[in-house]
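As the structure lists them, so they are numbered: ligands from 1, and atoms in each ligand from 1.
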Amino acid sequence: MKIVRIDAEADDITYGTVEPEGIRLYHGSPFFLWERSETVLPITEVKLLSPVIPTKVIAVGRNYVDHAAELGSKVPDTPAIFLKPPTTVIGPMAPIRIPRGVGEVHHEAELAIVMGRVTRNVKEEDVASHILGYTAANDVTARDLQRSDVQWTRAKGFDSFCPLGPAIDTEFDPSAGNDITCTVNGELRQSGTTADMVFGVAEIVSFVSAVMTLLPGDVILTGTPAGVGPITDGDRVEVAIEGIGVLLNPVVEM
Ligand code: ZN
């Protein structure tokens with residue numbers, strides 16, 4: 001099942017699933033009172049929003065060997081986690097807004113885990129039943145600030161620096177080695193597969209859940225392959241994950 005969140009009419013935000021004829025609307029949410037309706041809207045009539053509103057976004061740094069190398073870093077012994085505030089989250093087609101004067105800003109194509117239920121101290125072998133599904137993410141990063149600041153909060157935390165979407169795929173298998181790419185204005189910048197991750201999904205979720213309680217809808221970004229690079233005003237950035245879809249966002253400097 002592919003779950004989307006849509007703005008069907010003004011002030012009427014709801015969830016749906018992607019079907020051959022269009023988007024089927026659901027009452028409630030995939031986390032609470034999920035109930036199929038008879039209404040199917042043509043895809044051209046719906047505006048997609050970020051597929052989830054997380055209470056927090058956790059991200060894993062340097063989780064691909066080739067990306068750690070391009071930053072001149074080593075792969076850590078345990079997952080190197082940091083937080084992005086929920087106000088970084090935007091949906092497909094929403095602009096990534098780069099504040100003037102922050103220096104170079106980079107795209108980072110990533111597989112995102114969407115949690116399905118309250119998760120605390122979960123064992124690796126029990127992780128799967130706690131996950132709702134997977135979506136695509138762009139861990140937008142102000143690279144100059146990341147280098148100059150001790151903490152990464154500013155570099156990773158600007159509003160709009162976490163595009164998510166287009167859909168949550170509940171059947172996605174991250175161990176299958178699906179392609180992850182990032183394209184800017186049609187030019188391929190990043191290319192890897194989910195099988196290249198140093199720490200896998202079960203290890204990451206178990207590790208994070210030993211630190212903080214994960215709530216339904218919380219999102220974990222699993223790191224980016226090599227090829228990160230700058231995005232600037234007027235660019236169109238596409239993160240594509242085989243089986244999930246394409247997350248497209250324009251870039252504006254303001
Ligand atoms: Zn990242």
Exercise for review: Could you verify whether a donor N or O on one side chain and an acceptor N or O on the other, from Gln190 and Thr224, lie under 3.5 Å apart?
Suggested key: yes
Point to revise | Derivation and outcome, side-chain hydrogen bond (donor to acceptor under 3.5 Å, both in side chains), residues Thr181 and Asp179 | key: CA-CA 6 Å; Thr181 60; Asp179 290 333; over 6 Å; no
Point to revise | Remaining members of the apolar cluster that contains Val251, side-chain heavy atoms under 4.5 Å | key: Ile90, Ile96, Ile98, Val102, Val105, Val140, Leu145, Phe158, Phe161, Val184, Ile231, Val237
Check your understanding: Are there any protein N/O/S atoms under 2.8 Å from the Zn ion (ligand 1), and if so, which?
Key -> Glu108 OE1, Glu110 OE2, Asp139 OD2
Review point. Pairs in or reaching into residues 21-30: which pass side chain to side chain donor-acceptor pair (under 3.5 Å), with residues at least two apart or in two chains?
Key: Glu19-Arg24
Check your understanding: Under a single-linkage rule joining Ile, Leu, Val, Met, Phe, Trp and Tyr whose side-chain heavy atoms are separated by less than 4.5 Å, which residues share a cluster with Trp152?
Key -> Phe82
Review point. Between Lys156 and Glu108, is there a salt bridge with N-O shorter than 4.0 Å?
Key: yes
